[in-house]
Undergrad: 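Sharing a structure with you now.
These numbers come from a predicted model, not from an experiment.
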Amino acid sequence: MKNPAPVISSEKAMLLLEVHHRLSDVYGRNIKYFHDIDIDPLSELVSALLSHRTRNSASGQAFKNLISLFVTWEAVRDAPTSIVQEAIAPCTWPEQKAPRIQLVLQRITELNGTLSLDFLQQLEVGAARQWLETLPDVGPKTSAAVISFSNLRGKALPVNSHHFRVAHRLGIIEEMIGEAKANRVLESMLPQTFTAQEVYDHHQVMMKHGQKVCFYHHPDCENCVVLDLCPTGQARLASKHL
């Protein structure tokens, strides 16, 4: 059964679009994708699972270790879990991620008879994401990453912690809904006319703003281009001058 469509406030949607335009002026448009165009959806899925609560540099090294040691995802699936765990040691919680990744690879094989996600190219984005989210530990953020970042280049909006923080502080979403639900709500607020590239750009500029200005601790509100739109930043600066 599908979840009901989120109720979208037109005012918040307009606010999000204004934020998008301003941040795009700062961080750019038509931003280059994370990966080369030839990364397949299965490889992106493994990469996304490794990246959970892990710095990109660490998860990237763990991914490279897997490719170097095992060469194929079938070999990762069938290897002793202890060896997979050792290979992905650079990322957080390798003792949890190793068996989970192997379980996902096994499940894909069981469902398809082969270890590949290339068939997702034939599905509509919504159907492809729904299929991915039946896999263990695959939620909206991960399914969106697979659709957007892989060579599928579909229209889907991943929401990471930086992205979520910026949207929450601007009052676009409530903190209580969490990153998983925020993914669906924020994506629904974007114009339907946005292309896959524009949706990807939106993720990038929101994330970059969280990394470069809207820090978790001590955000640089004085140099924020959306300060006049941000109740959190305005309240923070007002309290400093009391």
Undergrad: Could you tell me how the ring of F119 sits relative to the ring of W131: parallel (under 30°), tilted (30 to 60°) or perpendicular (over 60°)?
TA: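 Perpendicular: the ring planes of F119 and W131 meet at over 60°.
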Undergrad: Checking the side chain of T92 only, and the main-chain atoms of R53 only, is there a donor and an acceptor separated by less than 3.5 Å?
TA: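 Answer holds: yes.
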Undergrad: How many angstroms lie between atom OG of S68 and atom CZ of F70, to the nearest 0.5 angstrom?
TA: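 S68 OG to F70 CZ: 10.0 Å, rounded to 0.5 Å.
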Undergrad: Hey, could you give me the CG/CG distance between L50 and L66, rounded to the nearest 0.5 Å?
TA: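 With rounding to 0.5 Å, CG (L50) is 6.0 Å from CG (L66).
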Undergrad: Return the minimal non-hydrogen interatomic distance between Q197 and I31, and the atom names on each side.
TA: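 The pair with the smallest heavy-atom distance is NE2-O, 3.1 Å.
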Undergrad: Between the main-chain N or O of Q102 and the side-chain N or O of R107, is there a donor-acceptor pair closer than 3.5 Å?
TA: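 A pair under 3.5 Å: no.
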Undergrad: Closer than 3.5 angstrom, by distance alone: can the side chain of H203 be matched with the main-chain N or O of L157 as a donor-acceptor pair?
TA: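 Flag not set: sc H203 to bb L157 has no pair under 3.5 Å.
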Undergrad: Is any side-chain heavy atom of H20 closer than 4.5 Å to one of H202?
TA: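 In short, these two side chains touch, coming nearer than 4.5 Å.
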Undergrad: Scan side-chain atoms only and decide if H52 and T142 contain a donor-acceptor pair under the 3.5 Å cut-off.
TA: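 A donor-acceptor contact under 3.5 Å links the two side chains.
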Undergrad: Using a 4.5 Å cut-off on heavy atoms from C-beta on, say whether the side chain of F63 contacts that of S43.
TA: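 Heavy-atom side-chain distance check passes, below 4.5 Å.
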Undergrad: Within the side chain of S150, is there an N or O that forms a donor-acceptor pair under 3.5 Å with the backbone of L152?
TA: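 Flag set: sc S150 to bb L152 pair under 3.5 Å.
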Undergrad: Would a single hydrophobic cluster contain both I67 and I101, if residues Ile, Leu, Val, Met, Phe, Trp and Tyr are joined by side-chain heavy-atom contacts under 4.5 Å?
TA: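 Cluster IDs for I101 and I67 match.
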Undergrad: Donor-acceptor check, side chain of Q234 to backbone of L227, threshold 3.5 angstrom: yes or no?
TA: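 Checking the backbone N and O of L227 against the side chain of Q234, a donor-acceptor pair under 3.5 Å is found.
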Undergrad: Do the non-hydrogen side-chain atoms of L229 and E18 ever get within less than 4.5 Å of each other?
TA: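 Counting from C-beta outward, L229 and E18 do come under 4.5 Å.
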Undergrad: How many angstroms lie between atom CG of L15 and atom OG of S10, to the nearest 0.5 angstrom?
TA: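 Taking CG in L15 and OG in S10, the distance rounds to 11.5 Å.
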Undergrad: Is it true that V205 and V225 fall in one hydrophobic cluster, defined by side-chain heavy atoms closer than 4.5 Å?
TA: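 The answer is yes; both residues are in one hydrophobic cluster.
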Undergrad: Provide the closest heavy-atom pair for V199 versus A156 in the form atom of the first, atom of the second, distance.
TA: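 Answer, listing the atom of V199 first, then A156: CG1-O, 3.4 Å.
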Undergrad: Rounded to the nearest 0.5 Å, how far does CD1 of I108 lie from CH2 of W73?
TA: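 Interatomic distance, W73 CH2 to I108 CD1, rounded to 0.5 Å: 11.0 Å.
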Undergrad: Could you check whether E187 pairs with R184 (Lys NZ or Arg NE/NH1/NH2 to Asp/Glu carboxylate O, under 4.0 Å)?
TA: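 The answer is no: the pair does not qualify as a salt bridge.
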Undergrad: Would you say the side chain of H209 lies within less than 4.5 Å of the side chain of Y27, judging by non-hydrogen atoms?
TA: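 Yes, at least one pair of side-chain atoms sits under 4.5 Å.
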Undergrad: So, do D40 and D118 sit near enough that their side-chain heavy atoms are less than 4.5 Å apart?
TA: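 Yes, close enough: below the 4.5 Å cut-off.
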Undergrad: Salt-bridge test for D201 and R29: reply yes if a basic N is under 4.0 Å from a carboxylate O, no otherwise.
TA: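 Result for this pair is no, no salt bridge flagged.
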Undergrad: Are more than 12 heavy atoms, taken from residues, nucleotides or ligands other than Q211, located less than 6.0 Å from that residue's CD atom?
TA: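 Yes, the 6.0 Å shell around CD holds more than 12 heavy atoms from other groups.
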Undergrad: Has K181 got more than 12 heavy atoms of other residues, nucleotides or ligands less than 6.0 Å from its NZ?
TA: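 Atom NZ in K181 is not crowded, with 12 or fewer foreign heavy atoms closer than 6.0 Å.
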Undergrad: L103 and V84: same hydrophobic cluster, using ILVMFWY side-chain contacts below 4.5 Å?
TA: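 No, because L103 and V84 fall into different hydrophobic clusters, even though each may have its own neighbours under 4.5 Å.
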Undergrad: Does this structure show an ion pair linking D228 with R22, if we count only N-O contacts that are shorter than 4.0 Å?
TA: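 Looking at D228 and R22, the cut-off is met.
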Undergrad: Between A144 and N183, which heavy-atom pair has the shortest distance, and what is it?
TA: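 Nearest pair, atom of A144 first, then N183: CB-ND2, 3.8 Å.
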Undergrad: Strictly by modelled atom types, are N160 and R165 linked by a side-chain donor-acceptor pair under 3.5 Å?
TA: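 R165 and N160 do not have a side-chain donor-acceptor pair below 3.5 Å.
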Undergrad: Mind checking whether F164 and M206 have side chains closer than 4.5 Å, heavy atoms only?
TA: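 The answer is no; the side chains never approach within 4.5 Å.
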Undergrad: Rounded at 0.5 Å granularity, tell me how far CD in E74 sits from CZ in R77.
TA: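 Going from CD on E74 over to CZ on R77, the span is 5.5 Å.
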Undergrad: Using atom types as modelled and distance alone, determine if a side-chain donor or acceptor of N112 lies under 3.5 Å from a backbone N or O of S116.
TA: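 Confirmed, N112 side chain pairs with S116 backbone.
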Undergrad: Hydrophobic clustering (ILVMFWY, side-chain heavy atoms < 4.5 Å, transitive) - are I83 and V104 grouped together?
TA: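 Yes, it is one cluster - the side chains of V104 and I83 are joined through contacts under 4.5 Å.
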Undergrad: To the nearest 0.5 Å, how far apart are OG1 in T81 and CZ in R100?
TA: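 That separation rounds to 13.0 Å.
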Undergrad: Take the angle between the ring planes of Y200 and F149 and call it parallel below 30°, perpendicular above 60°, tilted in between.
TA: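 It falls in the perpendicular class, over 60°.
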Undergrad: Check the pair M189, I172 against side-chain contact (heavy atoms from CB on, under 4.5 Å), reporting the backbone distance first and the verdict last.
TA: CA-CA 10 Å; M189 287 184 185; I172 297 170; 3.5 Å; yes
Undergrad: Near E124 CD, under 6.0 Å, is it more than 12 heavy atoms from other residues, nucleotides or ligands?
TA: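 Atom CD in E124 is not packed in, count stays at 12 or less.
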Undergrad: Report the C-alpha separation of L111 and L135 in whole Å, then their side-chain angles, then the decisive distance to 0.1 Å, and conclude whether the side-chain contact (heavy atoms from CB on, under 4.5 Å) test is met.
TA: CA-CA 10 Å; L111 291 171; L135 298 173; 4.2 Å; yes
Undergrad: Walk me through whether N65 and L69 qualify under side-chain contact (heavy atoms from CB on, under 4.5 Å).
TA: CA-CA 6 Å; N65 291 351; L69 181 61; 5.9 Å; no
Undergrad: Please confirm whether the backbone N or O of I88 pairs with a side-chain atom of K97, one donor and one acceptor, at under 3.5 Å?
TA: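 Checking the backbone N and O of I88 against the side chain of K97, no donor-acceptor pair under 3.5 Å is found.
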Undergrad: Quick one: are V146 and S143 in side-chain contact, heavy atoms under 4.5 Å?
TA: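 Of all side-chain heavy-atom pairs linking S143 with V146, none is under 4.5 Å.
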Undergrad: Minimum heavy-atom separation for L105 to L115, with atom names?
TA: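 For L105 versus L115, the nearest heavy atoms are O-CD1, 3.4 Å.
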Undergrad: Treat each ILVMFWY residue as a node, draw an edge where side-chain heavy atoms are under 4.5 Å apart, and state whether V26 and V213 are in one component.
TA: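 In one cluster with V26: V213, yes.
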Undergrad: Is it the case that the side chain of T232 and the backbone of R169 share a donor-acceptor pair, with hydrogens and angles ignored and the cut-off at 3.5 Å?
TA: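 Yes, T232 side chain to R169 backbone: donor-acceptor pair under 3.5 Å.
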Undergrad: Please test H163 against L186 for side-chain contact (heavy atoms from CB on, under 4.5 Å), starting from the C-alpha separation and ending with a verdict.
TA: CA-CA 10 Å; H163 188 157; L186 289 171; 3.9 Å; yes
Undergrad: Specify the closest pair of heavy atoms between C221 and G233, including all atoms of both residues, with the distance to one decimal.
TA: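 Answer, listing the atom of C221 first, then G233: SG-CA, 3.8 Å.
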Undergrad: So, S148 versus R153: side-chain donor-acceptor pair below 3.5 Å or not?
TA: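 The answer is no; no qualifying pair exists.
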Undergrad: Please examine the side chains of V138 and L45, heavy atoms only from C-beta on, and report whether any two atoms are closer than 4.5 Å.
TA: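 Yes, side chains in contact.
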Undergrad: Indicate the atoms forming the closest heavy-atom contact of Q61 with P90, along with that distance.
TA: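 For Q61 versus P90, the nearest heavy atoms are CG-CG, 4.0 Å.
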